[in-house]
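Presented below is the structure to which this report refers.
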Amino acid sequence: MPRLRPSWHEYFMLIAKIVSSRSTCNSRPTGAVIVKSNHILATGYNGAMPGAAHCIDQPDVDGSPYCFRRLSGVPDIDKYNFCKASHAEANAIAQAARYGISVDGATLYTTLAPCYVCLKLVATARIRAVYYEHVYESMAPERDQFWKDAVRESGIQIFERLIISPGTYEYILSDITNITSRRRAQATDFLA
C-alpha cells in the first residue's frame with residue numbers, strides 16, 4: 001500500500017478520537033485536541049472531575065450504562081447542572097491553563113461539536129478555529145437555533161465539520177495494527 005499520510009486536519013482529528021478512548025462518560029465519549037502551528041498544546045476528554053467517581057466505573061441499575069443525571073431523573077434540558085462530567089473541550093482548555101499554555105489563536109479538533117457552554121469557553125479562550133466530527137444534536141430545536149446564532153457571534157473564524165476519509169482510516173488501521181516501526185525499505189550497507 002502506498003504511503004498516503006493523513007492531512008493535518010485528519011491527523012489531529014484522529015488524535016482527538018484516540019483521546020476520546022480515555023473518556024469515562026457512558027453517554028457520549030468525546031475527545032478534544034488544541035493545536036497551534038501544527039503542534040499539540042493540550043488534550044482533553046469528558047469525565048468526572050479529579051477524585052470523583054466516574055460513571056463508567058459505576059454499577060448499572062437496570063442493565064443500561066450508568067449515568068448519574070439519568071438515574072437522578074434530570075431532564076435533558078437541565079443536564080449541564082447534574083452531569084458529573086466536564087466536557088472534553090473544557091478539560092483541554094483547563095489543561096492548557098494549568099500548565100500556562102496560551103491557546104489564543106489556536107485550533108480545536110473535537111469529536112463532538114461544542115455545546116453552548118463549551119462554545120463560550122472556546123470563544124473566551126480566543127480559539128479561532130473549530131473542527132468537529134459529529135454534530136451536537138439536542139432534543140430542543142430552539143436550543144439548536146440559539147447555538148447556531150451563538151457560533152456566528154462567537155468570533156470563531158472557522159467552524160466546520162470534518163469527516164475522516166475511509167482511505168485514511170484504512171491506511172491508519174493497517175499501520176497501527178501491525179508493528180508500527182517495522183522496516184519498510186531494505187537496509188543498506190554504506191561500508192566502502
Side-chain angles (χ1 to χ4, degrees), residues 3-50 54 56 79-80 83 85-138 144 147-177 180:
R3 299 236 344 124
L4 302 171
R5 296 190 308 163
S7 69
W8 283 112
H9 290 310
E10 288 183 318
Y11 171 75
F12 292 120
M13 186 60 77
L14 283 162
I15 292 171
K17 290 173 75 72
I18 291 170
V19 169
S20 76
S21 71
R22 291 285 305 155
S23 170
T24 62
C25 176
N26 282 322
S27 182
R28 289 190 190 200
T30 304
V33 178
I34 301 174
V35 174
K36 193 169 187 178
S37 300
N38 291 336
H39 293 280
I40 297 172
L41 303 178
T43 65
Y45 52 85
N46 55 337
M49 65 183 152
H54 297 287
I56 199 170
K79 65 184 174 183
Y80 302 112
C83 178
S86 293
H87 289 186
E89 306 90 323
N91 280 330
I93 291 168
Q95 182 187 71
R98 192 167 50 252
Y99 292 105
I101 300 169
S102 171
V103 297
D104 188 5
T107 298
L108 172 72
Y109 293 87
T110 181
T111 58
L112 181 64
C115 68
Y116 180 62
V117 173
C118 287
L119 181 67
K120 292 188 295 184
L121 288 172
V122 168
T124 302
R126 299 292 194 258
I127 291 173
R128 293 297 176 219
V130 175
Y131 293 93
Y132 60 92
E133 182 181 38
H134 294 290
V135 175
Y136 190 94
E137 303 152 327
S138 73
D144 289 343
W147 179 83
K148 288 175 186 174
D149 293 341
V151 169
R152 281 193 296 278
E153 297 169 350
S154 68
I156 296 170
Q157 297 164 353
I158 299 170
F159 196 86
E160 293 180 9
R161 190 169 187 197
L162 173 65
I163 304 296
I164 298 169
S165 70
T168 296
Y169 276 124
E170 183 179 326
Y171 172 72
I172 292 297
L173 288 174
S174 70
D175 239 24
I176 64 175
T177 54
T180 325

Closest heavy-atom pair and its distance - Pro6, Ile172
CG-CD1, 4.0 Å
Under 3.5 Å donor-acceptor, Thr111 side chain and Thr30 backbone:
no
Would you list the atom pairs, donor with acceptor, under 3.5 Å between side chains in residues 90-99 and any protein atom, with sequence neighbours excluded?
residue: Asn91; atom: ND2; partner: Tyr45; partner atom: O; Å: 2.7
residue: Asn91; atom: ND2; partner: Ser86; partner atom: O; Å: 3.3
residue: Gln95; atom: OE1; partner: Thr43; partner atom: N; Å: 2.8

Aromatic contact between Tyr136 and Tyr116, with the criterion being ring centroids under 6.0 Å apart: yes or no?
no
Within a strict 4.5 Å, meaning less than it, do heavy atoms of the Ile156 and Val122 side chains meet?
yes
Rounding to 0.5 Å, atoms CG (Leu119) and CD (Glu153) come to a distance of 10.0 Å
Is a donor on one side and an acceptor on the other found under 3.5 Å between the side chain of Thr110 and the backbone of Ala113?
no
For the residue pair Tyr169 and Lys17, confirm or rule out a side-chain donor-acceptor distance under 3.5 Å.
yes
Donor-acceptor check, side chain of Ser154 to backbone of Val151, threshold 3.5 angstrom: yes or no?
yes
Output for pair (Glu10 CD, Ile163 CD1), nearest 0.5 Å, gives 10.5 Å
What closest approach, in Å, do Ala106 and Ile127 show between heavy atoms, and which atom pair accounts for it?
O-CG2, 3.3 Å
Nearest-0.5 Å distance, CG of residue Asp104 to CZ of residue Arg126
7.5 Å
Classify the ring geometry between Tyr109 and Tyr131 as parallel (under 30°), tilted (30 to 60°) or perpendicular (over 60°).
parallel
So, applying side chain to side chain contact (heavy atoms under 4.5 Å, CB included) with Val103, which one of Leu108, Ile34, Val35 is it?
Ile34
Taking every heavy atom of Pro29 against every heavy atom of Ser23, the minimum-distance pair comes out as CA-OG, 3.4 Å
Would you mind reporting whether Pro114 and His87 have side-chain heavy atoms less than 4.5 Å apart?
no
Is a side-chain N or O of Lys120 found less than 3.5 angstrom from the main chain of Cys115, in a donor-acceptor match?
no
Between the CG atom in Leu41 and the OG atom in Ser102, the distance rounded to the nearest 0.5 Å is 8.0 Å
Give the ring-plane orientation class for Trp8 versus Phe12, where under 30° counts as parallel, over 60° as perpendicular and anything between as tilted.
parallel
Tell me the closest heavy-atom pair linking Arg28 and Val135, and the distance in Å.
NH1-O, 4.4 Å
Trace of the side-chain contact (heavy atoms from CB on, under 4.5 Å) decision for Leu14 with Thr168:
CA-CA 9 Å; Leu14 283 162; Thr168 296; 3.9 Å; yes
Quick one: CD1 on Ile164 to CE on Met13, what's the gap to the nearest 0.5 Å?
6.5 Å
Between Arg161 and Glu133, is there a side-chain N and carboxylate O pair less than 4.0 Å apart?
no
List the steps and the verdict of side-chain contact (heavy atoms from CB on, under 4.5 Å) for Ile40 and Ile15.
CA-CA 10 Å; Ile40 297 172; Ile15 292 171; 3.8 Å; yes
Ignoring hydrogens and angles, tell me if any N or O in the side chain of Thr177 forms a donor-acceptor pair with the backbone of Leu173 under 3.5 Å.
yes
